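The chains referred to below are lettered A, B, ... by the order of the sequence lines, with proteins before strands, and numbering in each begins at 1. Bear in mind that the values here come from a model prediction, so they are computed numbers and not experimental data.
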Amino acid sequence: MKEIPKTYSPKDHEDSLYKMWEKSGAFAPDPDPKKKPYSIMMPPPNATGTLHLGHATMLAIEDILIRFKRMQGFSALYLPGTDHAAIATQSVVEKKFQEGGMKNPRETLGREGLLKAIREFVEDSKKTIRGQVRKMGTSCDWSRERYTFSDEMNHAVNTLFKMMYEDGLIYRGGRIVNWDPKMQTTVADDELEYLEEKAPFYTFQYGPFQISTSRPETKFGDKYVVMHPDDKRYKKYKHGDTFECEWINGPVTATIIKDEAVDPAFGTGVMTITPWHDAVDFEIAERHKLDKEQIIDFDGTLLEIAEGFVGMPIQKARPLIVKKLEEKGLLVNIQEDYVHNVAVSYRGKGVVEPQIMKQWFVDVNKPAIDWKGKKLSIKEVLQDTVRSGMIRIVPDRFEKIYFHWIDNLRDWCISRQIWWGHRIPVWYKGKELKVQAENPGKGWTQDGDTLDTWFSSQLWTFSTLGWPEKTPDLLRFAPSSVLETGYDILFFWVARMILGTTYALRKTGFSEEKSIPFKDVYLHGLIRDIRGKKMSKSNPETCIDPLDMIEKYGTDAVRLSLVIGGTPGNDMRLYEEKIAGYRNFVNKIWNGSRFVMLNLDSEDKIDLKKLSRADKWILTRLNEIIEKVTEHLENYRLSEAGLTVYDFFWGEYCDWYLEISKVLKNPAVLKHVLQTSLTLMHPFMPFVTEAIWGALAESEPKKSKMLMTTDWPKPNPKFAFFSEADEMERIMDLIAGIRVLRAEGNVEAAKKIHAIVIAHEDTALVQDKAEVIKRLANLGQLDIHENGKKVEK
RNA sequence: GGGCGCUUAGCUCAGCUGGUUAGAGCAUCUCGUUUACACCGAGAGGGUCGAGGGUUCGAAUCCCCCAGCGCCCACCA
C-alpha cells in the first residue's frame, strides 16, 4: 500500500483528472442509438473577460445534472460555447482605446480596424474562459464548442432573418426607439434600467392652460395640448380647437387633443406632447395623426428648432430655457426635488433619449406561425408553449412573470448602430431592397447596422446543432432537456429563445413538440455577499473570485458551496467560511476512504449470512439514501440531494459505522458503501471522488473503469433488512391497544394515539407517522383532513 | 399602482405533498489525541419558526390579515 497523505490536496489531482476525462472521450455523448438523449446547451459566457460567480454557479449546476444523467445511462450532450455579446464587447474594447488616449476609436480606426481589434480581444478572452470552464470540472464536449459569431451562426442568423422578412414578421419602420447617445446605438426595452433621480418639476403657463414638465428642453416644438375627453374642467374645449399663445421662441398656434392616455388626476390634467422623444406621446401622436418634430440630436444637443439654444447639450440648456420662460412671465412654479425615473442603458450606462428612427423590428402580433392547426402570432406561441406545459419553468412562480412580460411586449427593435455583431443581411440600391447575405452586385450597399445580440443568441439551442441543415445532432439532441440560467435573463434570453426557436423550427418542418428550445427551464438565484448585497469588484472585501477560491480550497468545495443551501429562483449569500466548510467535507471523504483502504482484505463479496446488525443498518440506510438522492436530483432539488449524501457520509458512515468497524469490521461492506457513496457524490464533487475511486481500483486492476462513466446506483432489494412494511407492522402492534378507545369518540382517541406514539421510547421505529395516522383513520378511529377539508373514507 | 420573494438558533440557511421530540454548518461551552481525519470525535447550551387571527386530532408547512426587508413590471406629462 502506497503512502497516502493525511490531507487531500486538490491541486495535486484536479488538472490531471480533468485531462484523463477529456482524453477518454467520455465528455462526448455516447453514440449508442439505444441510449436516450439528454442535452444541455451551456449558456455561452460573454467573451469579454473572466468567469464570475454567476458563471461558476451555472457550470456547477449544469455539470451536476449532466454527470448524473450520464451515469444514469443517457447519451448526454453538454455543449460549450461563448457569446460575442455585441454592445458589451464593443464598449469594453472602445473603452480600452479611450483609456489609452484614443478619443474616438470608431473614427480613428474605421469599421474594419475596430472590428479587427475586437476580434483579437475576443479570441484572447475565449482562451481564458475555456481554461476557467475546465477549472470548474465542467464535463462538456469540447469537440462541439460553438461561438455565437461564427460563420455557421451567421448563416443561421441570415436564414432566419430572411424567413421572417418574407413572412412579414420583420419589417423596417420609423418608430420610437431607445437611443443611447453614449454608445451611439439603439437599445431594447428590456435593456433599460431605471434610476431614481431628483430634479425640479416646472409648471408653465401655456395659453389658458398650465402644463408641467421636468424636461423643459423638449418643449420647443410643443403645439398640441392633450386632456382626457371626460375631464369636466375642460368641457368647453373641443377636440381640434386651436388657439394662439406665447411660448419659448415666440407665439405658436396650439391644437386641442382629447385622449384617454391622460390621467385627469395628475397635476392639472393637461399636458403638451413631444412625440419624437417620448413613447407615450408618440402613441398619442400616432392615434391622432399629429406632426412629429425632432428637438434633440442624436448626440444629445439641441437642433435648429431651439433657435437661440441650438447646439447646446440638454443639461446646459435646461436652466437657460426656464430662465427665458420666467422672464416672459410664463413660469408658474417650481417644485424642487421631484423624484422621477431616468432610463439608463443596461450595458453602456448612458442616459437614454427616446428618438424616432428608421429601424428594423420584429412584429410580435402578426399571426404568421403555423401552430397546432392555427395561425398564431409570436405572442400567442410564446404563451402557448408554457401554458400547455410543453415548457416547464422551475420554480413555477416565474411562469406568471413570464406571462406578464408577454402581455407588455411591444415590437422588438433588432437593429443596432454598432459594428460588432451580425450585419443586417439587407442591401439597398436607390429605392430597391434585397434581403440576402451576399452582395447582389454593383451599386448595391449593405445596411450599415448590426443585429441585437439576442437575435443571434435566441438560436443557441439549435443553431449549435447545425440548423438550418438537418444534421444527425439536430435530430437527436433538439429540443434540449433543460436550460439552466439566472432568473435575471428570463426576458432577455429565455423568452427570446422560445420566440426564435418555435418560429424557425416550425418553419423548417419540425413538429410543435420538436420546435421548442428546451423542455425545462431551471432558474438559479443570484449570488450575494455576506450582507446580502450584490457582489461587485468595487467592493473587494466581500467580492469573491471563484478562481481564487478554487486555488485555495479546491473545485469540489467551491462547487458544493454554490449549490448547497440554494434553492431555485432564490438568491444565496456566499462567504469564505462556507467554502472552507465544504473543503473540510472533501477532506473528510479523503480520510474516511484512507481508513477503508487500510482495512481492506482480499475478500470483497458481501456475504449476506455474515452481517452484523450495524452492517445491516448501514446497508439499509444506503438503499434509502440512493433512493432519496436520485429522487431529489430528478426534481431539481440539488441542494437537498447534496445535503442528503453529505449527512449520510459524514454523520452515519464516518462517525458511526467506521467507528464500529474499529471493533467489528466487515471490509466488504465497508468498501461497498464507500464506493456507492462516491458514486452518489460524484456529480457534486467530481475530483475527490474520482481520485479515490482510482486509488481503490489499484487494488483490483480488473475493475478500472472511471467513476465518471460508472452506472448510477439503484437500491439493492437484498439490503432492505429493515423494511418499511416490517416497521409499520411493529408500530401497528404497538398501538393496537388503542382500538378500545374507539368508543370514546374521534377527538379523544386521536389525542391519546398522538400522546402514545410520541411518548413511546422506541420512537425511532416510527418512520412515517402520517401513514400510521392514515391507517388508523381507515380503521374508523379518526377523520383525516387535507387542506382544511375532510377526506372521505 | 400591479406582482413576486424572504422573515426559522448569535450568524448563514435547509425543512419536498400538513404528521417522529423543528434540523445543518459556522460560532460558543465541556471533555477527548483511540486503527482515518484537529480541515477531527463525543457531548452541551441556544428557537413561543416576523405579529395576530382561522382551518385541523395535529400547522414552520394550508387560509386570512398586518408589519419589516428585498426584487420585478408598469406609470411618472
Notebook entry, point to check: Any salt bridge between A:Asp259 and A:Arg287, counting N to O under 4.0 Å?
Noted result: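 A:Arg287 and A:Asp259: salt-bridged.
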Note to self: Walk along nucleotides 22-37 of chain B from 5' to 3' and tag each nucleotide B, S or - by protein heavy-atom contact under 4.0 Å, base first, then sugar-phosphate.
What the structure shows: ---S---------BBB
Next item on the list: Please test A:Glu14 against A:Thr555 for side chain to side chain donor-acceptor pair (under 3.5 Å), starting from the C-alpha separation and ending with a verdict.
Entry: CA-CA 8 Å; A:Glu14 294 187 352; A:Thr555 301; 2.8 Å; yes
Next item on the list: Return the 5'-most residue of the pair A:Arg410, A:His632 with respect to RNA chain B, ranking by each residue's nearest nucleotide.
Entry: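 In this pair, the answer is A:His632.
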Run the side-chain donor-acceptor check on residues 642-650 of chain A: report pairs under 3.5 Å with partners two or more places apart or on a different chain.
| residue | atom | partner | partner atom | Å |
| --- | --- | --- | --- | --- |
| A:Thr644 | OG1 | A:Glu640 | O | 2.6 |

Note to self: Only Watson-Crick and G-U wobble pairs, only distances under 3.5 Å, only runs of 3 or more: what stems does that leave for RNA chain B?
What the structure shows: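 Expected stems, ordered by start: B:1-7 with B:67-73, B:10-13 with B:23-26, B:28-32 with B:40-44, B:52-54 with B:62-64.
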When all nucleic acid strands are considered with a 4.0 Å heavy-atom cut-off, which category describes [X]: base, sugar-phosphate, or nothing?
X	result
A:Asn341	base
A:Arg583	base
A:Phe585	nothing

Notebook entry, point to check: A:Lys219 and A:Asp222: salt bridge (charged side-chain N to carboxylate O under 4.0 Å, His left out), yes or no, with the steps?
Noted result: CA-CA 5 Å; A:Lys219 295 282 146 195; A:Asp222 287 10; 3.1 Å; yes
Next item on the list: May I ask you to decide if the ring planes of A:Tyr237 and A:Tyr234 are parallel, tilted or perpendicular, using 30° and 60° as cut-offs?
Entry: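 Ring orientation, 0 to 90° scale: tilted.
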Checklist line | Listed once per pair and sorted, the salt bridge (charged side-chain N to carboxylate O under 4.0 Å, His left out) pairs that draw on residues 394-410 of chain A, sequence neighbours left out | finding: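 Checked against salt bridge (charged side-chain N to carboxylate O under 4.0 Å, His left out) - neighbours excluded - the pairs reaching residues 394-410 of chain A are A:Glu283-A:Arg410.
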Check: Who pairs with A:Arg583 by salt bridge (Lys or Arg N to Asp or Glu O under 4.0 Å), at least two apart in sequence or on another chain?
Finding: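 With sequence neighbours excluded, A:Arg583 shows a salt bridge (Lys or Arg N to Asp or Glu O under 4.0 Å) to no residue whatsoever.
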Check: OP1 or OP2 of B:C13 sitting under 4.0 Å from any side-chain N/O of A:Ser639?
Finding: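 The answer is no; no side-chain N or O of A:Ser639 sits under 4.0 Å from OP1 or OP2.
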Item checked: Results of side chain to side chain contact (heavy atoms under 4.5 Å, CB included) for A:Asp411 - residues two or more places apart only ->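 A:Asp411 satisfies side chain to side chain contact (heavy atoms under 4.5 Å, CB included) with A:Tyr171, A:Arg175, A:Phe361, A:Asp363, A:Val364, A:Asn365 once adjacent residues are dropped.
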